[in-house]
Structure formats: structure tokens, C-alpha cells
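Count residues from 1 along the sequence.
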Amino acid sequence: TAGVSLARQPVRFSSDGKSLITFQQAAGAPAELVHWSVPDLQPRGSTTLPESAQRIVVPTLSPDGRWFAAGTGGGQATLWDLSAGGRVTRHQIDRPGWVMAMEFAPDSARLVASFMDSTAVHTWDLAREPVKGEFGEHKGFIGQLVYSADGRMLVSADGDKFIKLWDMVERKEVGLL
């Protein structure tokens with residue numbers, strides 16, 4: 001297990017804190033999510049993602065380990081539900097375009113994303129089937145999205161060189177840097 005390269009790959013603790021979940025993709029090999037025991041960092045199992053996950057850009061895991069979301073090299077945003085007893089269920093997010101950033105809320109109930117051809121923050125409510133919405137606007141594309149620890153605030157940045165602070169309860173801008 002020593003020497004596994006996880007550079008720029010999502011790493012999350014499982015909700016019980018007893019394992020780490022990592023995303024790994026080596027050239028020519030299937031993409032997989034690997035579960036590692038804590039604290040000894042021994043592999044406990046893995047989930048191989050389907051062929052549609054083989055050209056991943058902007059990968060992210062939900063904090064609870066249920067969801068895996070990513071943009072693909074083909075310019076699509078896709079969401080996988082990993083909770084189906086080892087079976088991976090794929091949900092195509094109805095929004096084509098090159099994905100710039102993706103981030104799950106700390107409670108794993110929402111996913112936000114930005115796309116190169118859009119100036120809005122796109123959001124999916126994962127608690128009620130993936131229901132889509134969008135809000136806000138930058139002058140250019142949004143390159144970074146970060147939730148606050150409590151999930152009530154979101155920062156969006158890049159493209160137009162501004163940083164905006166959003167109230168996620170009201171879905172409105174509350175600050176600008």
C-alpha cells in the first residue's frame with residue numbers, strides 16, 4: 001500500500017471514520033474506488049467503476065461515501081450512486097459541457113458544479129432524486145467551488161477574477177471579494 005499515488009485524487013473518510021475511500025485511475029486500467037482500513041491503511045475492498053467512468057476529469061466523492069461525481073473527457077457530468085450493495089448505479093446529469101469544478105455539501109445532500117460555457121452555479125438536490133437548479137452569476141466561468149464546514153455558505157471563484165460568497169439556504173450572493 002505504501003507508494004500509492006493519490007495526487008489530485010479525492011480522498012474521504014467513511015462516515016464511521018474507520019476507512020478511507022480513494023479514487024484511483026492508472027493509464028489503461030479501470031477506474032476504481034478503494035476502501036482502506038484506518039489506522040493501518042490496508043485495503044479492505046474496492047469498487048470498479050463502469051467503462052463510462054474511464055475518462056474522468058474533476059472527480060469528487062461525497063463525504064458520506066455514497067456518491068461519486070465527475071466530469072468525463074467527453075464533456076459530461078455524471079453521478080454514480082455507490083450505495084447499492086456494491087452495484088454502481090449511474091445517473092447522467094442533464095447538463096452537457098466541460099466541467100470546471102464539482103463539490104458536495106458536507107451533509108452529502110447537494111452537489112454543485114460549474115461548466116466552462118456557463119457563468120452560473122449548477123446544483124443538484126440528491127435527497128429528492130437528482131433535481132437540478134442553478135443560481136447566481138459570474139462574468140466568466142467558475143473555476144472553483146468550496147462549501148463551508150456547515151454547508152450554509154459556498155464560495156465560487158475564478159474566470160472573472162472575483163470571489164463570491166453565497167448563502168446556500170437563500171441561494172443568494174452575500175459577499176464579493
Side-chain angles (χ1 to χ4, degrees), residues 4-17 19-26 29-36 46-84 88-118 120-136 141-159 163-164 166 168:
V4 172
S5 175
L6 299 175
R8 299 190 54 141
Q9 304 295 350
V11 177
R12 298 273 189 201
F13 276 101
S14 61
S15 56
D16 64 8
S19 64
L20 287 172
I21 301 168
T22 64
F23 168 77
Q24 294 179 221
Q25 184 174 23
E32 64 180 345
L33 297 176
V34 181
H35 302 260
W36 306 86
S46 65
T47 302
T48 301
L49 294 173
E51 184 68 28
S52 58
Q54 301 308 310
R55 292 183 54 213
I56 296 294
V57 295
V58 193
T60 188
L61 291 165
S62 64
D64 66 2
R66 176 180 176 185
W67 301 100
F68 175 71
T72 63
Q76 292 287 324
T78 306
L79 179 69
W80 289 271
D81 183 346
L82 305 174
S83 67
V88 179
T89 304
R90 180 175 179 240
H91 302 275
Q92 189 68 41
I93 295 174
D94 189 22
R95 175 65 177 88
W98 195 260
V99 179
M100 299 302 294
M102 296 183 108
E103 180 77 3
F104 284 98
D107 65 0
S108 301
R110 287 179 314 282
L111 173 67
V112 292
S114 64
F115 297 84
M116 181 170 277
D117 64 346
S118 175
V121 175
H122 299 263
T123 183
W124 290 267
D125 182 343
L126 304 177
R128 296 187 303 241
E129 292 296 311
V131 175
K132 180 186 180 268
E134 64 180 69
F135 66 93
F141 68 85
I142 299 166
Q144 189 170 10
L145 297 164
V146 179
Y147 270 102
S148 63
D150 65 4
R152 295 180 56 84
M153 306 298 276
L154 179 77
V155 170
S156 59
D158 213 26
I163 296 172
K164 293 187 176 188
W166 304 95
M168 290 302 290

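Partners of Arg152 according to the side chain to side chain contact (heavy atoms under 4.5 Å, CB included) rule, which considers only residues two or more places apart in sequence or in another chain, are Asp150, Val169.
Considering only heavy atoms from C-beta on, Tyr147 comes within 4.5 Å of Val112 through its side chain. Contact check for Val99 versus Phe115: side-chain heavy atoms found under the 4.5 Å cut-off. By the 4.5 Å heavy-atom criterion applied to side chains, Leu111 and Thr123 are not counted as neighbours.
One N or O on the side chain of Ser108 and one on the backbone of Asp64 form a donor-acceptor pair closer than 3.5 Å.
Atom OG1 of residue Thr60 and atom CH2 of residue Trp67 lie 13.5 Å apart, to the nearest 0.5 angstrom. Taking CG of Leu145 as the start and OG of Ser114 as the end, the distance is 4.5 Å to the nearest 0.5 Å. Between the CD atom in Glu103 and the CG atom in Leu154 there is a gap of 8.0 Å [rounded to 0.5 Å]. How far CE of Met100 is from OG of Ser118: 11.5 Å, rounded to the nearest 0.5 Å.
Of all heavy-atom pairs between Arg110 and Asp125, the closest is CG-CA, 4.4 Å. Between Trp166 and Ser156, the shortest heavy-atom contact is NE1-OG, 2.7 Å. Taking both residues in full, the closest heavy atoms of Met168 and Gly151 are given as CB-O, 3.8 Å, listed atom of the first, atom of the second, then distance.
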Candidate pair Phe104 and Leu126, rule side chain to side chain contact (heavy atoms under 4.5 Å, CB included), full reasoning: CA-CA 10 Å; Phe104 284 98; Leu126 304 177; 3.5 Å; yes
